[in-house]
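Taking it in order: structure first as structure tokens, then the write-up.
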Amino acid sequence: MIDMADRYTMTLTGIKEPVKRGRPPKFSEAMSPAQRKAKQRRAQDDFIVDNDPSLWSESDCMRVMSAKKFSSYHQFAWERLGQIKGYAAS
């Protein structure tokens, strides 16, 4: 027997589906963790290319140092990391 007052367990035909909990997806369907991380990396890459190195965070500098496609920015990232960490420029 199904309790008609229990809106979370009613699953018979003709009965309303249970209410889903949590945040709704931003797009047509929910993204997987890998898709979310790829989107974050694309956004960070765009930020690195479009902005001045003086605006980069430590995370941005580490991304530049670890990604081969940013080899031309390595010197800027190294200097910016020194500024962030408080090392004296020589």
Side-chain angles (χ1 to χ4, degrees):
M1 186 168 137
I2 293 180
D3 183 6
M4 296 306 287
D6 187 3
R7 63 184 178 141
Y8 296 107
T9 59
M10 298 183 300
T11 56
L12 294 176
T13 56
I15 298 177
K16 188 176 177 184
E17 287 293 318
V19 177
K20 293 184 179 181
R21 299 182 63 180
R23 290 178 62 171
K26 284 189 170 187
F27 305 105
S28 61
E29 59 186 49
M31 290 190 287
S32 70
Q35 289 171 323
R36 282 194 296 277
K37 189 63 177 178
K39 182 179 175 185
Q40 177 190 6
R41 286 188 183 119
R42 281 192 304 272
Q44 189 175 31
D45 290 352
D46 291 342
F47 179 82
I48 289 168
V49 171
D50 295 339
N51 290 300
D52 187 54
S54 63
L55 300 175
W56 292 350
S57 66
E58 183 176 353
S59 172
D60 297 329
C61 292
M62 296 306 289
R63 173 80 174 142
V64 169
M65 298 297 286
S66 65
K68 204 175 219 181
K69 65 181 174 181
F70 293 125
S71 61
S72 60
Y73 293 115
H74 281 197
Q75 184 66 31
F76 297 121
W78 187 251
E79 291 171 1
R80 179 65 181 142
L81 274 174
Q83 291 174 351
I84 291 170
K85 295 290 188 178
Y87 300 127
S90 49

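All heavy atoms count here, side chains included; hydrogens, waters and symmetry mates do not.
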Hydrophobic cluster membership, with links at side-chain heavy-atom distances under 4.5 Å among I/L/V/M/F/W/Y: are [X] and [Y] in one?
X   : Y   : result
I84 : L55 : no
Y87 : W78 : no
F47 : Y73 : yes

May I ask you to test the [X]-[Y] pair for a side-chain heavy-atom distance under 4.5 Å?
X   : Y   : answer
F76 : V64 : no
W56 : L81 : no
S32 : Q35 : yes

Shortest non-hydrogen contact between A77 and M65, atoms and distance: CB-SD, 3.8 Å
Nearest atoms (heavy-atom pairs only) where Q44 meets S59: NE2-OG, 3.1 Å
Donor-acceptor contact below 3.5 Å, side chain R36 vs main chain M31: yes
Candidate pair Q75 and E79, rule side-chain hydrogen bond (donor to acceptor under 3.5 Å, both in side chains), full reasoning: CA-CA 6 Å; Q75 184 66 31; E79 291 171 1; 3.0 Å; yes
Check: R80/Q83 side-chain N/O donor and acceptor closer than 3.5 Å: yes
Atom pair CD1 (I48) and CZ (R41), whose distance is rounded to the nearest 0.5 Å: 12.0 Å
Derivation and outcome, side-chain contact (heavy atoms from CB on, under 4.5 Å), residues E58 and C61: CA-CA 5 Å; E58 183 176 353; C61 292; 5.6 Å; no
